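Have a look at the structure below, then the notes.
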2 protein chains.
Amino acid sequence: MATNSNMANPYRKSDVHCMDCSNQLCFVQQFCSPTWLGIINECRNYSFFRKGEYIFHEGDRIFGLYFIQQGKVKVVSAGLNDRMHIVRLATDGHILGHRGLGAETYPVGAVTLEDSWVCFLDNASINDAFINNPKFTYELMMFYSAELRKTEMRLRYLAHMTMREKIAECLLCLKKIFGENKEDGSLNVALSRQEIADLTGTNAEQVSRELTCFENEGLIAKDGKRIKLLDSNAIFEIIACHKLNKELVF
Amino acid sequence: MATNSNMANPYRKSDVHCMDCSNQLCFVQQFCSPTWLGIINECRNYSFFRKGEYIFHEGDRIFGLYFIQQGKVKVVSAGLNDRMHIVRLATDGHILGHRGLGAETYPVGAVTLEDSWVCFLDNASINDAFINNPKFTYELMMFYSAELRKTEMRLRYLAHMTMREKIAECLLCLKKIFGENKEDGSLNVALSRQEIADLTGTNAEQVSRELTCFENEGLIAKDGKRIKLLDSNAIFEIIACHKLNKELVF
DNA sequence: GCTATTTTCTGCTAAAAAACAGTTTTTTTC
DNA sequence: GAAAAAAACTGTTTTTTAGCAGAAAATAGC
């Protein structure tokens, strides 16, 4: 519930034109026509969020779509007695606030895991972009369909895996989404034990215990929140019995 | 693993033109131009699947998209030692085989829960339809985005709910998807205890036990596979503590 | 309509996971 | 750099869930 000037008034122009944006993964940059890129550049809002701030809250009215220009975000949903569930993790080029049309409210909230720069496009602009950029609409459809498939697979894994397996799967997912540090090889994201628990549907104690096990088995090295996967193949072996599609999930 | 003539050669023409199809929920009928409806009517394949038959198997190559004209289908994924997981349930107007483009394989299989009639459109036709019907592409994008949101919510529930809660949620979902019989008020779908277990991520014994509890508490009436919800509100109360969005899930 | 087969139910036991509690370590704040 | 606060760790207890087994009921086959 942190307040900052950007939340109250998250409408700031970027000095950089969409055409010159460093984020090559942005759907707008990739699939909108040059003409439209200019239009979108004018109507978009660029804002900065400090670590731990809400980009939007669960229950907020939907005004448009958010594109992560640079940063790391967790998409959360409030659960039983203050318990949070992390629905999804997102980083550079990812989209937040699916289905930014109509007068509905967000079923989830979005909180930054570290300082992040986010572009915002309101419903009207997005709608115009859809009408005038069939390629953009098509690619977004393909993106959602791929995301749906991935989420359906995760649903299956979470329903049938043990704690140990879920935590192993989580570590591989974190590697896939955020990558590893080039210098020391540790995961490019620092989550608390509680956040890993919120992600896997267990509790912080269990995560702590299991990570200690993994370390004793030589699968990982840990230094506080920084975790390094020493043997990804061996970690994958833990969940291999579920016959999951490596290309699909990781 | 049943074999029938339709599986080997599921290419049969329907006597009914797409324009006159009784399924008003079909995306093609709703959002393609009249001209394109004629083209699609010519290139689609209409086939019949008896109860328990596979429409496609996990790992099959993707050749196109399936539209359920009439029937009930479970989308499944094989798990640990013969255990199945039901990823999703589908009925009239629903789409099977997301992302029917490219040379990938299905991450899931589809099995009919009862006799069903299914339309099939191959990749090339679907692609042509996308290019020439922006409205169709747009609506499909919206559909996937809504499905994604629903699946993300389900992911959250399954991660944090107890067995009792999961089974309660499942019953309400079944009511939402298949509706209730007008005559006796029972759910319009007959799943085995094992299938309910595959849907909720538990086992048949647990489901049996919990349904007996629900019956003793006056929440449901059951007669074999036919289940009747006697007090939907009381069932919802079981999961109300998870603060789930009633409109979103049910 | 009877028999065989499958499904469902229910009690019991074993295993897994959650909850609690207290200690240690790390991080934050002044 | 010390004190306070937060996070992480670890042992123990309690609760929940899974697995097994056998009886009862329902369904299918002849």
Side-chain angles (χ1 to χ4, degrees), chain A residues 2 50-52 79-85 113-114 157-171 186 189-217 220-227 238-239 241-242, chain B residues 2 50-52 79-85 113-114 157-171 186 189-217 220-227 238-239 241-242:
Chain A
R50 239 168 306 161
K51 178 180 175 175
L80 211 48
N81 35 285
D82 292 329
R83 210 170 160 178
M84 272 288 173
H85 188 243
L113 290 167
E114 49 184 64
Y157 305 146
L158 283 183
H160 286 312
M161 282 181 176
T162 63
M163 281 304 111
R164 180 179 167 84
E165 290 165 347
K166 285 181 195 174
I167 294 168
E169 195 261 355
C170 178
L171 291 178
S186 67
V189 66
L191 298 175
S192 69
R193 302 294 183 264
Q194 185 58 54
E195 281 172 324
I196 296 177
D198 293 343
L199 207 45
T200 49
T202 181
N203 56 50
E205 294 96 320
Q206 214 79 351
V207 172
S208 185
R209 250 185 279 269
E210 210 56 69
L211 289 182
T212 303
C213 279
F214 285 170
E215 188 167 48
N216 292 340
E217 294 169 38
I220 64 167
K222 61 188 168 69
D223 175 26
K225 288 194 175 64
R226 294 228 73 84
I227 295 171
I238 294 172
I239 50 171
C241 59
H242 289 276
Chain B
R50 238 168 307 161
K51 178 180 174 172
L80 213 46
N81 34 286
D82 293 329
R83 212 170 157 177
M84 273 289 175
H85 188 242
L113 290 167
E114 50 184 62
Y157 305 147
L158 282 183
H160 286 311
M161 281 181 175
T162 63
M163 282 302 110
R164 179 180 168 84
E165 290 166 348
K166 286 181 195 174
I167 294 169
E169 195 262 355
C170 179
L171 292 176
S186 68
V189 66
L191 298 175
S192 69
R193 301 294 183 264
Q194 185 58 54
E195 282 172 324
I196 296 176
D198 293 343
L199 207 46
T200 49
T202 181
N203 55 48
E205 295 96 321
Q206 215 77 351
V207 172
S208 184
R209 252 185 279 267
E210 209 57 68
L211 289 182
T212 303
C213 279
F214 285 169
E215 188 167 48
N216 292 340
E217 294 170 38
I220 63 167
K222 62 188 167 73
D223 174 27
K225 288 193 175 62
R226 294 229 71 87
I227 295 171
I238 294 173
I239 49 172
C241 59
H242 289 274

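First the proteins, then the strands, lettered A, B, ... as listed; each starts at 1. Bear in mind the structure is a predicted one, so any value in this text is a computation, not a measurement.
- Although no hydrogens or angles enter the test, the distance criterion places a donor-acceptor pair under 3.5 Å between the side chain of Glu195(B) and the main chain of Ser192(B).
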Exercise. Can Leu171(A) and Leu211(A) be said to form a side chain to side chain contact (heavy atoms under 4.5 Å, CB included), step by step?
Worked result: CA-CA 10 Å; Leu171(A) 291 178; Leu211(A) 289 182; 4.3 Å; yes
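- Counting to the nearest Å, the P atom of dT7(C) and the CZ atom of Arg226(B) are 18 Å from each other.
- For Ser186(A), the side-chain hydrogen bond (donor to acceptor under 3.5 Å, both in side chains) criterion is met by Asp184(A), Arg226(A), not counting sequence neighbours.
- Going from atom CD of Glu215(A) over to atom P of dA8(D) covers 14 Å, rounded to whole Å.
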For this session: Please test Lys166(A) against Leu199(A) for side chain to side chain contact (heavy atoms under 4.5 Å, CB included), starting from the C-alpha separation and ending with a verdict.
Result: CA-CA 9 Å; Lys166(A) 285 181 195 174; Leu199(A) 207 45; over 6 Å; no
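- Remark: Lys225(B) engages no residue in a salt bridge (Lys or Arg N to Asp or Glu O under 4.0 Å) (not counting sequence neighbours).
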Seminar exercise, completed: Nucleotide by nucleotide, nucleotides 21-30 of chain D touches protein heavy atoms under 4.0 Å in the pattern (B base, S sugar-phosphate only, - none) ----------
Restricting to nitrogen or oxygen on both sides, can you table the protein-nucleotides 15-18 of chain C pairs closer than 3.5 Å?
| unit_1 | atom_1 | unit_2 | atom_2 | d |
| --- | --- | --- | --- | --- |
| dA17(C) | OP1 | Met163(A) | N | 2.9 |
| dA18(C) | OP2 | Thr202(A) | OG1 | 2.7 |

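- Interatomic distance, NE2 of His160(B) versus CD of Glu165(B), reported as 11.5 Å (0.5 Å rounding).
- Over its full length, the helix from dG1(C)-dC30(D) to dC30(C)-dG1(D) turns its helical axis through 60°, comparing axes from the five pairs at each end and rounding to 10°.
- For the pair His160(B) NE2 and dA19(C) C1', the computed distance is 16 Å after rounding to whole Å.
- Atom CG of Asp223(A) is surrounded by 12 or fewer heavy atoms from other residues, nucleotides or ligands within 6.0 Å.
- Contacts of Lys51(A) classified as salt bridge (Lys or Arg N to Asp or Glu O under 4.0 Å), with partners at least two apart in sequence or in another chain: none.
- Spacing between atom CG of Leu211(A) and atom C1' of dT25(C) amounts to 16 Å, rounded to whole angstrom units.
- Residue-level contact check: Lys222(B) touches the backbone only, with heavy atoms under 4.0 Å from sugar-phosphate atoms and none from bases.
- Non-hydrogen atoms lying under 4.0 Å from DNA chain C are contributed by Ser192(B), Arg193(B), all within residues 191-199 of chain B.
- Of all non-hydrogen atoms in Thr200(A) and Leu158(A), the two that sit nearest each other are O-CD2, 4.0 Å.
- With a 4.5 Å cut-off on side-chain heavy atoms, Phe214(B) and Ile227(B) do not count as touching.
- Rounded to an integer number of Å, the gap from Leu158(B) CG to dT17(D) P is 13 Å.
- In plain terms, the two heavy atoms of Ala159(B) and His85(A) that are nearest each other are CB-NE2, 3.8 Å.
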Side-chain atoms of residues 203-210 of chain A: list all donor-acceptor pairs with protein atoms under 3.5 Å, sequence neighbours left out, distances to 0.1 Å.
| unit_1 | atom_1 | unit_2 | atom_2 | d |
| --- | --- | --- | --- | --- |
| Asn203(A) | OD1 | Glu205(A) | N | 3.4 |
| Asn203(A) | OD1 | Gln206(A) | N | 2.9 |
| Glu210(A) | OE2 | Arg164(A) | NH1 | 3.3 |

Exercise. Does the side chain to side chain contact (heavy atoms under 4.5 Å, CB included) test come out yes or no for Ile238(A) and Glu169(A), once each step is laid out?
Worked result: CA-CA 9 Å; Ile238(A) 294 172; Glu169(A) 195 261 355; over 6 Å; no
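- The shortest distance between the side-chain N/O atoms of Ser208(A) and the OP1/OP2 oxygens of dA7(D) is not below 4.0 Å.
- Rounded to an integer number of Å, the gap from Asn216(B) CG to dC9(C) P is 11 Å.
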